[in-house]
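Quick notes on the structure that follows.
Letters A, B, ... mirror the listed sequences (proteins, then strands); counts begin at 1.
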2 protein chains.
Amino acid sequence: MMTVHEVSKLTGVSIRALQYYDKIGLLSPAEKTDAGYRLYDDAALERLQQILLFRELEFPLKDIREIIESPFFDRKKALQQQIELLTLKKKHLEDLITFARGIKLTGVKNMDFSAFDTKKIDEYTENAKKQWGASPEFKEFEKKSENWTDESKKAVYDSFIQLFADFGKIKDSDPSSPEAQQKVKDLQAFISKNFYKCSDEVLFGLGKMYAAGGEFTENIDSYGGSGTAEFVHQAITVYCGKQMK
Amino acid sequence: MMTVHEVSKLTGVSIRALQYYDKIGLLSPAEKTDAGYRLYDDAALERLQQILLFRELEFPLKDIREIIESPFFDRKKALQQQIELLTLKKKHLEDLITFARGIKLTGVKNMDFSAFDTKKIDEYTENAKKQWGASPEFKEFEKKSENWTDESKKAVYDSFIQLFADFGKIKDSDPSSPEAQQKVKDLQAFISKNFYKCSDEVLFGLGKMYAAGGEFTENIDSYGGSGTAEFVHQAITVYCGKQMK
DNA sequence: TGTTGACTCTGACGTTGCGTAATAGTTTAG
DNA sequence: CTAAACTATTACGCAACGTCAGAGTCAACA
């Protein structure tokens, strides 16, 4: 059992922050002494590790709490996402360094601000949150799935996989073909019915995520064959382009 | 001349932020129309670039303003420091990635929080601020140097360089020797007299900065020969160790 | 046993860097 | 000439703590 002071020294988190985390229900101590002193055990420290990783990624504390308390939370999966996000951030810093070096050497006043662009990171972060508990979509999904049996769960996921397998069959054709577009429509309807309301915007976001080169891409390609994820992405882009404009 | 909207689109900075920057005097538009609309020119954009670089490094906006408005501000030097800080941050992210990978693979509950440690970055940041305008030390220095002539300036800097050259002469001896310790005392007195009050703590911070491997190290070594900066660092450490405990 | 010094608690208020209306004037395209 | 798109200025809100203030606790030493 460690006191706040000890935890603070070990982790670098201020005492005030620990008290605050306790207050907002993000990290409670294992127990309290009669005098009200906080005492932390190893489990609490482990949780703190998780919290700090998310904090490095600038997740709001509220989201962090929802995420690690979600019944769907899977630490390994979360770690994988965290690694991917950290890698994206690293790349961002590398871009900035390159940018700064460029100015320093040439002194060029190039009105280029692309190095400051964080869209990709933000999008990926958004999608990560959708997977866990910190989005309205997820909350809707949580409700819908409340009274699912193990069987219906499996049935739904099998159908889901089947959809991607179908995409895989036509992945070498034109993404704007009627069949492909119909499949996109099916996908949107399926998600809306079984998971959460899948607006065109949400669908567009999903498409990007599918092709982002992470775990999603791998999974989808494993169901439909290499290149399927990218094909789905393109088909969705075409679909949303038609719908939205 | 660009409107807020255009600047926002180009740079990714929100309109609200631009208005805010104007309000706090961090970034004013080149001019305003009769109706009060903000119009930015290229100079403003250039300044915005600087601001964004500092913002990426999490400098408070107030500090950023003081820094880029300091009469001592040198853009090239600032860029160099920014690059070094960005590199440090990148390394920090790499540590975190390594850490996360370690947990993921082994599942080990290692109560190791060193990857979250930002002390080095913070120290370097502090020192960077001391060089520019955002520290009490610097403000004191600014006052003292107000009525310096070019000659007295040169004299002071020559003496300063001489101090390091002296360190260089004994850099292969023991840092805790009386001579070395005396030199440290001289250095502290010199800084206090000519720049700003150099407490033991400040001195200790300087020592670290000297040996951090950046521009300072290079300069010092160029005056006293390779290894001088590290020697000074060690001598200061010994000196402060004695004084402070 | 008393006292000192280091720790800790709980409020309560302050701060930074904007987001988010609310309300109102401005400019531009058709 | 009107609607759509922009912009301005208050003003309030929020996250994640920092920073007192006032008060209780604990370990150790005298």
Side-chain angles (χ1 to χ4, degrees), chain A residues 1-40 44 48 50-68 116 118 122 125-126 129 134 136 245, chain B residues 1-40 44 48 50-68 116 118 122 125-126 129 134 136 245:
Chain A
M1 289 299 191
M2 307 177 69
T3 68
V4 270
H5 187 94
E6 289 162 343
V7 174
S8 177
K9 279 224 154 177
L10 175 64
T11 65
V13 178
S14 78
I15 293 180
R16 187 62 181 79
L18 289 172
Q19 292 170 341
Y20 180 66
Y21 292 170
D22 186 10
K23 192 177 193 174
I24 64 172
L26 176 59
L27 177 69
S28 315
E31 64 175 300
K32 282 191 169 189
T33 69
D34 294 350
Y37 284 29
R38 275 164 260 260
L39 292 177
Y40 296 84
L48 184 52
Q50 274 298 316
I51 293 171
L52 290 182
L53 270 177
F54 279 116
R55 201 181 62 166
E56 288 281 344
L57 296 167
E58 289 156 294
F59 278 48
L61 299 187
K62 203 185 290 184
D63 290 359
I64 299 181
R65 199 190 51 183
E66 287 183 5
I67 289 173
I68 61 186
F116 296 105
T118 58
D122 295 345
T125 304
E126 272 308 297
K129 284 183 185 173
K245 205 48 207 290
Chain B
M1 288 297 192
M2 307 177 70
T3 68
V4 271
H5 188 97
E6 288 163 344
V7 174
S8 177
K9 279 224 154 179
L10 175 64
T11 66
V13 178
S14 77
I15 293 180
R16 186 62 181 79
L18 288 171
Q19 292 170 342
Y20 180 66
Y21 292 170
D22 185 10
K23 191 176 194 175
I24 65 172
L26 175 60
L27 177 69
S28 315
E31 63 175 300
K32 282 192 171 190
T33 69
D34 294 350
Y37 283 28
R38 277 163 258 260
L39 292 178
Y40 297 84
L48 185 51
Q50 274 298 316
I51 292 171
L52 291 182
L53 270 177
F54 279 117
R55 201 182 61 167
E56 287 281 345
L57 297 167
E58 288 154 297
F59 279 49
L61 299 186
K62 203 184 290 184
D63 289 359
I64 298 180
R65 198 191 52 183
E66 288 183 3
I67 289 173
I68 61 187
F116 296 105
T118 58
D122 295 344
T125 305
E126 272 309 297
K129 285 183 185 172
K245 205 45 208 287

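- Close to C:dC9, at under 4.0 Å from its OP1 or OP2, lies a side-chain N or O of A:Gln19.
- In this model, no side-chain donor or acceptor of A:Tyr37 finds a partner on the base of D:dC26 within 3.5 Å.
- Heavy atoms of A:Lys32 sit under 4.0 angstrom from primed sugar atoms or phosphate atoms, though from no base atom.
- Per the geometry, CG belonging to B:Leu26 stands 9 Å off P belonging to C:dG17, to the nearest Å.
- With rounding to whole Å, B:Met1 atom CE is found 17 Å from D:dT7 atom C1'.
- The shortest distance between the side-chain N/O atoms of B:Arg55 and the OP1/OP2 oxygens of C:dC18 is below 4.0 Å.
- An OP1 or OP2 oxygen of C:dC7 is reached within less than 4.0 angstrom by no side-chain nitrogen or oxygen of A:Thr3.
- The side chain of A:Ile15 lies closest to C:dT8, out of C:dT8, D:dC17, C:dG17.
- Across all strands shown, A:Thr33 has no heavy atoms under 4.0 Å from either base or sugar-phosphate atoms.
- Nearer to the 5' terminus of DNA chain D, by closest-nucleotide assignment, is the contact made by A:Tyr21 (compared with the other of A:Tyr21 and A:Asp34).
- Taking the side chain as every heavy atom from C-beta outward, B:Val13 and A:Phe116 never approach each other to under 4.5 Å.
- With hydrogens and angles ignored, no donor-acceptor pair under 3.5 angstrom links the side chain of B:Arg38 to the base of D:dT7.
- Following rounding to the nearest Å, B:Asp63 (CG) and C:dG17 (C1') show an atom-to-atom distance of 14 Å.
- Under the 4.5 Å side-chain criterion, counting only non-hydrogen atoms from C-beta, B:Glu6 is not in contact with B:Tyr40.
- B:Leu61 is not listed as a side-chain neighbour of B:Arg65, based on a closest heavy-atom distance of 4.5 Å or more.
- Computed from coordinates, the A:Leu39 CG to C:dC7 P distance equals 16 Å when rounded to whole Å.
- Residue B:Val4 is the one, among B:Lys23 and B:Val4, whose nearest nucleotide of DNA chain D lies closer to the 5' end (criterion: closest heavy atom).
- Side-chain atoms of A:His5 lie closest to C:dT8 of the nucleotides D:dG18, C:dC18, C:dT8.
- In this structure, B:Glu58 atom CD and C:dC18 atom C1' are separated by 15 Å, rounded to whole Å.
- Toward the 5′ end of DNA chain C lies the nearest nucleotide of A:Arg16, the other residue of the pair A:Arg16 and B:Tyr20 mapping further downstream.
- A 4.5 Å side-chain heavy-atom check between B:Ile15 and B:Gln19 finds at least one atom pair inside the cut-off.
- Counting non-hydrogen atoms under 4.0 angstrom, B:Ile24 reaches nothing in the nucleic acid.
- Per the geometry, CZ belonging to A:Arg65 stands 11 Å off P belonging to D:dA16, to the nearest Å.
- Rounded to an integer number of Å, the gap from B:Glu6 CD to D:dA5 P is 17 Å.
- Going from atom CG of B:Leu18 over to atom P of D:dA8 covers 9 Å, rounded to whole Å.
- Looking at B:Arg38, its side chain never comes within 3.5 Å of a backbone N or O of B:Leu18 through a donor-acceptor pair.
- Note that the CG atom of A:Leu26 and the CD1 atom of A:Ile64 stand 6.0 Å from one another [nearest 0.5 Å].
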